[in-house]
Amino acid sequence: MRKIGIIGLGHVGSTVAYTLITKGIADELVLIDQNDALCTAEYYDYSDSLGRLDTYTKIIKQDYRALSAADVVVTAFGDIKLLADGGDRFLEYTYNCSQAAAVGKALKAVGFHGILINISNPCDVITGLLQRYTGLSRERVFGTGTFLDTARMQRAISHRINENPHNISGYVLGEHGESQFAAWSTIAVRGIPMFELAEEQDLDLDALDKAAREGGWLVFNGKKYTSYAIATCAVKLVQAVLSDAKLACPASVYLEQYGCHVGYPAVIGKNGVEKINEIPLTPKEQALLNDSAKMIAQKTHDGYLG
Ligand SMILES: NC(=O)c1ccc[n+]([C@@H]2O[C@H](COP(=O)([O-])OP(=O)(O)OC[C@H]3O[C@@H](n4cnc5c(N)ncnc54)[C@H](O)[C@@H]3O)[C@@H](O)[C@H]2O)c1
């Protein structure tokens, strides 16, 4: 039986829940939000779908105890209104550091021992805090991190050269935020290294990097939130855990050398982060990763409320 919990049912969490139900991925789904009216509304809206779906999901609401035996919990708490006009994911920092303490401690209190996948921003920092508060091992707590930014990089390149994003491999690394970077030495289109392709087709890599980094704001500026792409990323990670897929992908994972969670290639399976996929980087990329991780480590340290 596949039992999944979602904490925070705003734009993102509700989309994750809807996807899990309509794709028949969850046998049991536990919904939790501090806004009880919202949680109750989503509970009935999902429940009213069940009579027309070909799969069944048992839906439970507002019961932390039901998470004690959950396989996966997805955290999507926050207050997106704090971002106002966008531009900085750290506008939710203070608020979400407190929520991470509350949620992490509540999960620990009920003995949750599954895999925790965090979405809440600033993603890398909040992932690190949730790991500390839950007391789960570092392998069992990871964030969506640059999995989404990597998809945005794939989209930016695919639009520029009219290519299927699936044919673009490689990684955006570092923070899910402004200090992220496209690691061009890892990126290829149908196996052709991006550096070669850029020269051949006169592609501006800095402009493509910027397009990937600013991709979230393109969506946010019109909707005042983002939902579908992040939910798609989160659901893919949930599936990787449930099916023990050993999926190689970037995620916000704990790197010993930095002492924090940061977007880096890993292998995701039933035990969470099963392997850190160490890859060669150019000296410039390595320096960008170092700077990004250093900032995350500091903010994680500062955000820990004990
Ligand atoms: N990692 C990513 O790539 C990514 C992408 C999109 C959004 N996000 C982040 O995901 C989070 C959710 O985004 P959103 O647009 O759904 O926000 P939202 O404001 O629409 O929803 C957040 C929900 O969390 C609930 N909540 C807050 N604290 C809680 C707590 N302690 N326990 C239970 N519920 C709690 C709120 O009541 C609200 O319903 C934000 O932090 C946002 O920045 C991350």
Side-chain angles (χ1 to χ4, degrees), residues 5-19 30-43 61-64 67 73-84 86-107 109-110 116-130 133 142-153 172 174-178 180 212-213 215-237 249-252 261-263 296 303 305:
I6 303 184
I7 303 178
L9 291 167
H11 306 98
V12 175
S14 64
T15 310
V16 172
Y18 182 69
T19 309
V30 182
L31 308 174
I32 294 188
D33 197 291
Q34 66 181 11
N35 179 341
D36 191 50
L38 175 70
C39 189
T40 301
E42 297 294 19
Y43 168 82
K61 69 175 176 72
Q62 301 294 52
D63 185 0
Y64 259 100
L67 292 178
V73 163
V74 177
T75 44
F77 54 78
D79 183 358
I80 201 65
K81 288 189 294 304
L82 293 172
L83 262 64
D88 183 6
R89 290 173 180 87
F90 272 88
L91 291 166
E92 275 184 288
Y93 175 72
T94 306
Y95 180 80
N96 272 350
C97 284
S98 304
Q99 305 316 312
V103 168
K105 288 174 183 178
L107 285 171
V110 298
L116 195 158
I117 303 175
N118 174 56
I119 295 173
S120 302
N121 275 327
C123 186
D124 308 280
V125 170
I126 299 302
T127 304
L129 293 176
L130 284 167
Y133 290 121
F142 62 96
T144 49
T146 55
F147 198 30
L148 174 57
D149 308 291
T150 297
R152 286 179 176 145
M153 172 275 288
V172 170
E175 177 203 6
H176 169 63
E178 298 310 297
Q180 66 177 245
R213 186 179 312 105
W217 304 118
L218 278 183
V219 179
F220 182 89
N221 291 341
K223 292 171 42 154
K224 297 302 171 196
Y225 61 90
T226 69
S227 52
Y228 302 128
I230 179 57
T232 306
C233 289
V235 168
K236 184 154 180 141
L237 293 172
C249 66
S252 184
H261 284 74
V262 59
I296 294 166
L305 305 171

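All values below come from the heavy atoms of this structure, side chains included, with hydrogens, waters and symmetry mates left out. All ligand and atom numbering here is 1-based and tracks the order in the structure. Start at 1 with the first residue, then count along the sequence.
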Check: Val172 and Pro250 side chains under 4.5 Å, non-hydrogen atoms:
no
Hits for side chain to side chain donor-acceptor pair (under 3.5 Å) against Thr144, two or more places apart or cross-chain, chain-then-number order -> none
What residues form a salt bridge (charged side-chain N to carboxylate O under 4.0 Å, His left out) with Asp79, not counting sequence neighbours?
Lys81
Asn96 vs Phe77, side chain to side chain contact (heavy atoms under 4.5 Å, CB included): CA-CA, chis, key distance, verdict
CA-CA 8 Å; Asn96 272 350; Phe77 54 78; 3.5 Å; yes
Mind checking what makes side-chain contact (heavy atoms from CB on, under 4.5 Å) contact with Tyr64, not counting sequence neighbours?
Ile7, Ile32, Leu67, Val103, Ala106, Leu107, Val110
Test side chain to side chain donor-acceptor pair (under 3.5 Å) applied to His176 and Thr146, Asp149, Asp124, the passing residue
Asp149
Counting only non-hydrogen atoms and a 4.0 Å cut-off, the residues near ligand 1 are Ile7, Gly8, Gly10, His11, Val12, Asp33, Gln34, Asn35, Leu38, Ala76, Phe77, Gly78, Asp79, Ile80, Glu92, Tyr95, Asn96, Gln99, Val103, Ile119, Ser120, Asn121, Cys123, Thr144, Leu148, His176, Tyr225, Thr226, Ile230
